[in-house]
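A short write-up of the structure that comes next.
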Amino acid sequence: MTDIAPELRAAALDSKAWPYEEARKLLKRYPDGAPAKGHVLFETGYGPSGLPHIGTFNEVLRTTMVRRAFETLSDIPTRLIAFSDDMDGLRKVPDNVPNKEMLAEHLGKPLTRIPDPFGTHESFAAHNNALLREFLDRFGFDYEFVSSTDYYADGIFDDALKNVLRHYQGIMDVMLPTLRKERQATYSPVLPVSPKSGIVLQVPIEVLDPETGMIAFEDASDGRGERIEQSILGGQAKLQWKVDWAMRWVALGVDYEMSGKDLIDSVIQSSKITRVLGGRPPEGFNYEMFLDEKGEKISKSKGNGLSLEQWLTYGPDESLAFYIYREPKKAKALHLGLIPRAVDDYWQFRGNYAAQPIEQKLGNPVHHIHNGPPPAETLPVTFGLLLNLVGVMGEASKEQVWAYLANYVPDATPESYPALDGLIGYALAYARDFVTPTLKKRAPEGVEVEALRRLDTELAALPADASAEDIQNIVYEIGKTGGFESLRDWFKALYETLLGSEQGPRMGSFIALYGIENSRKLITEALTRA
């Protein structure tokens, strides 16, 4: 790994940034150095019964931030496993997939043994696993993908499964008190795969021989009850969720895994089972859930969350990472309307980074997004200002936007500002789909009419290259002396009559960017509506 500067490591040991707080848990876990396996293992889990969404991606990103924080604090090697629980039986047909009738015919079977409704992969799980890997590869994550089916079928979990049978009663003692009475009668930690129907069975079992993995159970999945004796090894069974999680922690030696607040009870029970199996539960914390625009929990099966592709159509990678980093223990909405603010906040924090003392740098979100100092490029205009510009322009090209930027930014070219060039593309897409359709310019009223006339006269007297600050001073003075109850009313009038929106940019910056003559045309158009 890269050598860590002593002053950086010392500051990280005291940093209150949540990735460093989490990393220090792992330092305490291994005070004497590397564990016997030679590394610290981070794990994230994914249930591929539905299409991946940003909530899935979020967990890997946050875990990676903790991993990098730990690598700042320690020289112990690390690994990250992205584990797909694709041996799970399909419980219901997701709402957001094609060929639902076909999927309904395979309910109960492992996801890796169900045809792909999209027709692109060998199974439903393979399709969703591929999407997950695309998500993670898109951001360059350093991870190892693990398929539950492969680990079960290839015998990698066989010793751990024998251990589950050896401690069968101890596991039941943990789980039964947490279940309703009717569920207690049928519960089993082990779910055999029916040799007749291929369905993952939810039936009681009898342990025959832990050392060979032999169990007995009643299989009525084809309508005819029959006592079956078979091994649970080699993919012939899987474990119930909470038991499976614990078995995996022990078998793989997982040291850190975070999870959503909705899984707090699962973490508690799985931790107890881990101890029954002779292992040590991993470190981790429970983050709050993302909500949709209606305040409802995002669900893979409902498809009410954002896809990664949707966000990245309208905002850059860093804007999403920035939003995900902040306040992980606070419930937050997640929808496309958040993108402009996330973009501008990211760039504000990025602009502050270089001048900050090291303690503040370690708490700056961009430090964790870029795993250190961010690129040096600065942004000469905000994303919000770009949106206002392209909103007024209507149908426009990148080249046309750059022509306007020349009014405002010296030497404005895509080559000199590559990040800005990318943001222009995002702004054009966002304005096209979400800004332009909502714009509605109203007619000026009352004192607004004379104020706009004054503004036009003042702008006409300025040179074409007047500074944004000089223009802003004129706007400000008219607002103070133009008969408005407050400056807020004047600015609101400018936004609604010139731009067609309820909110807007600093008008001095906008007029300098859009150009004085073009801005005067907006005023003329507004006055003709009066």
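Because only heavy atoms are used, hydrogens play no part in the values below, and waters and symmetry mates are left out as well, while side chains stay in. The model shown is predicted, which means the values in this text are computed figures rather than measured ones.
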request  = Sort and list the pairs that fulfil ring-ring contact (aromatic ring centres under 6.0 Å, His included) and have at least one residue in residues 461-480, not counting sequence neighbours.
outcome  = none
Tyr430 side chain to Leu336 backbone, donor-acceptor under 3.5 Å = yes
message = Less than 3.5 Å apart, any donor N or O on the side chain of Asp116 or Ser123 sitting next to an acceptor on the other?
response = no
Note, Phe510 side chain near Val381 side chain (heavy atom, < 4.5 Å) = no
query = So, do Glu458 and Leu462 sit near enough that their side-chain heavy atoms are less than 4.5 Å apart?
reply = no
Minimum side-chain heavy-atom gap Ile471-Met507 below 4.5 Å = no
query = Would you call the rings of His368 and Tyr325 parallel, tilted or perpendicular if under 30° counts as parallel and over 60° as perpendicular?
reply = parallel
inquiry  = Could you walk me through whether Tyr46 and Glu59 satisfy the side chain to side chain donor-acceptor pair (under 3.5 Å) test, starting with their C-alpha distance in whole Å, then the side-chain angles of each, then the deciding distance to 0.1 Å, before giving a yes or no?
reply    = CA-CA 9 Å; Tyr46 166 61; Glu59 192 168 300; over 6 Å; no
ask   = So, the side chain of Lys332 versus the backbone of Tyr323: is there a donor-acceptor pair under 3.5 Å, distance only?
value = yes
inquiry  = Using modelled atom types and a 3.5 Å cut-off, is there a donor and acceptor pairing between side-chain atoms of Arg68 and backbone atoms of His370?
reply    = no
message = Can you tell me if Arg91 has over 12 outside heavy atoms packed within less than 6.0 Å of its CZ?
response = no
Within-4.5 Å side-chain heavy-atom neighbours: Pro380 and Tyr408 = no
message = Does Asp411, at its CG atom, have more than 12 non-hydrogen atoms belonging to other residues, nucleotides or ligands within less than 6.0 Å?
response = no
ask   = Where do Val449 and Pro444 come nearest, in terms of heavy atoms and distance?
value = CG2-O, 3.8 Å
Reported CG-to-CG distance for the pair Leu428 and Leu387, which is rounded to 0.5 angstrom = 9.5 Å
query = Do the charged groups of Arg341 and Asp345 touch, with an N to O distance under 4.0 Å?
reply = yes
remark   = Val97 and Pro117 have their tightest heavy-atom pair at CB-CG, 4.5 Å
task = Ignoring hydrogens and angles, tell me if any N or O in the side chain of Thr438 forms a donor-acceptor pair with the backbone of Val435 under 3.5 Å.
result = yes
query = Ring centroid separation for Phe70 and Tyr256, is it under 6.0 angstrom?
reply = no
Considering all heavy atoms, the nearest Tyr20-Ser15 contact = CD1-OG, 3.5 Å
query = Backbone N or O of His367 within a donor-acceptor pair of the Lys361 side chain at under 3.5 Å?
reply = no
query = Does a sphere of radius 6.0 Å around NZ in Lys521 hold more than 12 heavy atoms from other residues, nucleotides or ligands, not counting ones at 6.0 Å or beyond?
reply = no
task = Please indicate whether Glu502 has more than 12 foreign heavy atoms, meaning atoms of other residues, nucleotides or ligands, lying under 6.0 Å from its CD.
result = no
message = My understanding is that only residues two or more places apart in sequence, or in another chain, count here; which of them pass side chain to side chain contact (heavy atoms under 4.5 Å, CB included) with Ser486?
response = Arg488, Asp489
ask   = Can you check whether Asn58 reaches Tyr287 side chain to side chain, under 4.5 Å on heavy atoms?
value = yes
ask   = Do you know which two heavy atoms are closest between Glu377 and Arg350, and how far apart they sit?
value = O-NH2, 3.3 Å
inquiry  = Could you report the tightest heavy-atom contact between Leu103 and Leu90, atom names first, then the distance?
reply    = O-CD2, 4.2 Å
request  = Count the heavy atoms of every other residue, nucleotide or ligand shown that sit under 6.0 Å from NZ of Lys100, and state whether that count exceeds 12.
outcome  = yes
inquiry  = Tell me whether Glu450 is salt-bridged to Arg454, with the criterion being a basic N under 4.0 Å from an acidic carboxylate O.
reply    = no
task = Say whether Thr149 and Asp86, considering side chains only, have a donor N or O and an acceptor N or O under 3.5 Å apart.
result = yes
request  = Find out whether Arg442 and Thr497 are in side-chain contact, i.e. whether some heavy atom of one side chain is under 4.5 Å from a heavy atom of the other.
outcome  = yes
inquiry  = Is the distance between the ring centroids of Phe139 and Phe57 under 6.0 Å?
reply    = yes
key: Minimum heavy-atom distance between Tyr495 and Pro505, given as atom pair plus value   = OH-O, 2.9 Å
request  = Indicate yes or no for a side-chain donor-acceptor contact from Arg67 to the backbone of Thr78 under 3.5 Å, with no hydrogens or angles considered.
outcome  = yes
ask   = Charged N to carboxylate O below 4.0 Å: is that the case for Glu43 and Arg248?
value = yes
query = Does the Asp344 side chain pair with the main chain of Phe383, one donor and one acceptor, at a distance under 3.5 Å?
reply = yes
Flag if over 12 foreign heavy atoms under 6.0 Å of CD, Glu309 = yes
Distance-only side-chain donor-acceptor flag, Ser266 / Trp245, under 3.5 Å = no
ask   = Would Lys329 count as a cation-pi partner of Phe285, with NZ or CZ less than 6.0 Å from the six-membered ring centre and within 45° of the ring normal?
value = no
query = Side chain of Asn518, backbone of Tyr514: donor and acceptor closer than 3.5 Å?
reply = yes
inquiry  = Classify the ring geometry of Phe349 against Phe322: parallel below 30°, tilted from 30° to 60°, perpendicular beyond 60°.
reply    = tilted
key: Note, Leu423 side chain near Tyr417 side chain (heavy atom, < 4.5 Å)   = no
task = Any chance you could lay out the side-chain contact (heavy atoms from CB on, under 4.5 Å) test for Leu73 and Leu26, step after step, and finish with the verdict?
result = CA-CA 10 Å; Leu73 300 177; Leu26 289 165; over 6 Å; no
Contact check, side chains of Asn129 and Phe145, non-hydrogen atoms, under 4.5 Å = yes
key: Sidechain N-carboxylate O distance under 4.0 Å for Arg506, Glu469   = yes
ask   = Within the distance-only criterion (no hydrogens, no angle test), does the side chain of Glu318 pair as donor or acceptor with the backbone N or O of Tyr346 below 3.5 angstrom?
value = no
query = Judged by atom type as modelled, is there a donor-acceptor pair below 3.5 Å linking the side chain of Lys261 to the main-chain atoms of Met289?
reply = no
